[in-house]
Amino acid sequence: MKRESVLIIVVAVMASLLEIVDASIVNVALSSMMGNLGATLEDISMVITGYAIANAIILPVSAWLGERIGRRVYFLGCIALFTVTSVACGLAPNLETLTVFRILQGLAGGALLPTSQTLIYEQFPKEKAGIAGAIFGMSVMIGPALGPVLGGYLTDTFGWRSIFNINLPLGLLALFIGSLVIFDREKEPGKENQKSELDIWGLTFLVLGIGCLQYVLERGEADDWFASNIILFNAVIAAVALPLFVWWELRVKNPIINVRLFLQPLVSNGVFLMGMIGFFLYGVVFILPVFVSRTLHYDATQIGVLFIPGSILTAALMPFIGRAMVQGVDPRKLIFVGLLSLEVCLYTMTLLSPLSSEGEILRMLFIRGFGMAFLFVPINSSILSQFKGVEMGQVSGLLNLSRQIGGSVGIALIGTMLNKNSHQNYLDLTSKVSLLNANTQSAYYGAANTLGSKMSEGLGMATGNEAALKSLYGRIQNQVFMLSFRQLMFLMMIIFATAFIPLALIRFKNKTNTVVDAH
């Protein structure tokens, strides 16, 4: 491989890591940011929501913007904007300023991921697309695992502003190397001087549709869904704007997104598959830390460390999966192994209990890591290798968008169902807890006798009886959570099983397109 190609891959991996790590690094610093900026949890959550919405808006149009502006200017400009807005976030004097710069950071960061993926794939011939998928997949998997750990360490050691300021040297390095090796793609014959017109209505419908949909998914649970006028308003706008976008893009001469790509089973089934992976990936990352913090009493940094071994296993397996694809292994067989592994992972999560050890959780995460290695590389590589030029970039954007939307759906569903099931399970359990019940009497009087007056005073209780009531209430809450957790895992198993449907329908072309040269 040429030295320039190696440098392009290095820049693309750095850019994608910057974006992926920054999407998760803020979560562990929210409490520190709340105290420093004098904000509530609901206020500070807009720092995350704004970034996610901006990401979702820019992902599907990155290929179009790159063609219109020129990939060199677009990609390097996004790295520069991401770096500058990161520093601005670190220097933000108040919550409003932080939110604005975080949204701009999300716009720049969302463009980095699909463009980086396309750059990596263009460095390899079509028969070695599996290796390209492995390289990109490693950055996608390492980023979410590295973010919470790095964020926790930086916040505890240097303060929350350091999680943004650390992007300055990394961004400048990526910008310097990129300026040496990133150039515009060669135009296809006959299209050298062709300039597409700005599709202002398509862009408007897309921004409204994707932006409002992402807002509904991000804020729905916190705002009680359609009981909130804001959520209802955004849902209506999304329901109107997205069909209008599809209708308009089918009529316009130079569409922002070629929606006719969805007519190809390869694209539509691939997008559905990637959406289900996002549903699983983000859903598990959302619910498992809650379980671990309640059972093992881990803090955010310890939880982040818990995810690292499984992510390392994924990264270690990806080159072997890529090599297997190069040797001609049917990608559908590899995807089947991955989907089956994630179903087994969800099943093992239904067996977790308050007595589960760290070893049991690690084994489950190793199964998850094993399965993820068999999915990212075959899906991305087998689909993107069938396209070239701007179409490759558009399909890359759609795959990344579907993963993010799927993740948002997963988090929204789990948050809503956890709240609903917890309420119902609490009513069911408390209806059976009465001092007229022999088991309740045994638990209550046993706790009252055990918790003596000194212990109850130390806990702020007036009597041992009050301490016993608190103990009984705590045990009920733990059981309520465990019941709700298991119900959610069974629900996720059922939903995720639908991923086998597009796998059965997906078909790859006999002849793949030759991947164009990067220069």
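Sequential numbering from 1 along the given sequence is applied to the chain's residues.
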M372 side chain reached by L313 side chain, heavy atoms, under 4.5 Å: no
Determine, stepwise, if the pair L418 / F485 fulfils side-chain contact (heavy atoms from CB on, under 4.5 Å). CA-CA 7 Å; L418 182 63; F485 178 82; 5.7 Å; no
Do L273 and L339 make a side-chain contact, defined as non-hydrogen atoms from C-beta onward lying under 4.5 Å apart? yes
Here the gap from Q214 atom CD to L401 atom CG, rounded to the nearest 0.5 Å, amounts to 8.0 Å
Donor-acceptor contact below 3.5 Å, side chain R368 vs main chain V284: no
Quick check against the 3.5 Å criterion: does N55 have a side-chain atom that pairs as donor or acceptor with the backbone of G106? yes
For N94, side chain to side chain donor-acceptor pair (under 3.5 Å) partners two or more places apart: T97
Nearest heavy atoms of G171 and T83, plus distance in Å: CA-OG1, 3.3 Å
Side-chain contact test, heavy atoms from C-beta onward, threshold under 4.5 Å: evaluate it for P309 versus L362 and give yes or no. yes
Just checking L232: does its CG atom have more than 12 heavy atoms from other residues, nucleotides or ligands closer to it than 6.0 angstrom? yes
Which of parallel (below 30°), tilted (30 to 60°) and perpendicular (above 60°) describes F291 and F481? parallel
Begin from the C-alpha positions of E96 and V100 and carry the test side-chain contact (heavy atoms from CB on, under 4.5 Å) through to its verdict. CA-CA 6 Å; E96 291 75 17; V100 170; 5.7 Å; no
Between CZ of F272 and OG1 of T498, what distance do you get to the nearest 0.5 Å? 4.0 Å
Do you know which two heavy atoms are closest between T314 and G369, and how far apart they sit? OG1-O, 2.7 Å
Kindly say whether L413 contributes a backbone atom to a donor-acceptor pair with the side chain of T416 at under 3.5 angstrom? no
Has the side chain of R260 got a donor or acceptor atom that lies under 3.5 Å from a matching backbone atom of L250? yes
Mind checking whether M492 and L488 have side chains closer than 4.5 Å, heavy atoms only? no
With a 4.5 Å limit on heavy-atom distance, are the side chains of V87 and N167 in contact? no
Where do I103 and Y51 land on the side-chain contact (heavy atoms from CB on, under 4.5 Å) test, with the steps shown first? CA-CA 5 Å; I103 292 172; Y51 186 91; over 6 Å; no
Under 3.5 Å, is there a donor-acceptor pair between the side chain of T85 and the main chain of F82? yes
Out of I210, I237, L208, which one pairs with L242 under the side-chain contact (heavy atoms from CB on, under 4.5 Å) rule? I210
Report the residues that fulfil ring-ring contact (aromatic ring centres under 6.0 Å, His included) with F370, sequence neighbours left out, ordered by chain and then residue number. F374
Side chain to side chain contact (heavy atoms under 4.5 Å, CB included) partners of L172, counting only residues at least two apart: L168
Between R403 and V271, is there a donor-acceptor pair closer than 3.5 Å when you use the side chain of the first and the backbone of the second? no
Between CD1 on residue I182 and CG on residue L175, distance to nearest 0.5 Å: 11.0 Å
Flag side-chain contact, heavy atom, 4.5 Å: L112 against I79: yes
Gap separating the CG atom of L342 from the CE atom of M276, nearest 0.5 angstrom: 10.0 Å
Non-hydrogen atoms of G202 and E249 that approach each other most closely: CA-OE2, 3.5 Å
Heavy atoms only: give me the nearest A315-P319 pair and the separation to one decimal. O-CD, 3.1 Å
Quick check against the 3.5 Å criterion: does S228 have a side-chain atom that pairs as donor or acceptor with the backbone of W225? no
Can you tell me how far CD of Q105 sits from CD of E19, rounded to the nearest 0.5 angstrom? 8.5 Å
Under 3.5 Å, is there a donor-acceptor pair between the side chain of S422 and the main chain of N419? no
Give the C-alpha distance, both sets of side-chain angles, the deciding distance and a yes or no for side-chain contact (heavy atoms from CB on, under 4.5 Å) between C212 and F233. CA-CA 9 Å; C212 291; F233 175 77; 5.9 Å; no
Do you know which two heavy atoms are closest between L375 and I277, and how far apart they sit? CB-CD1, 3.7 Å
Enter the distance from L288:CG to I414:CD1 here, rounded to the nearest 0.5 Å. 10.5 Å
State, to 0.1 Å, how close A15 and S116 come at their nearest heavy-atom pair, and which atoms those are. CB-OG, 3.5 Å
Just so I know, are the side chains of L65 and I58 near enough to count as touching, which here means a heavy-atom distance under 4.5 Å? yes
Any side-chain heavy atom of F164 within less than 4.5 Å of one from L91? no
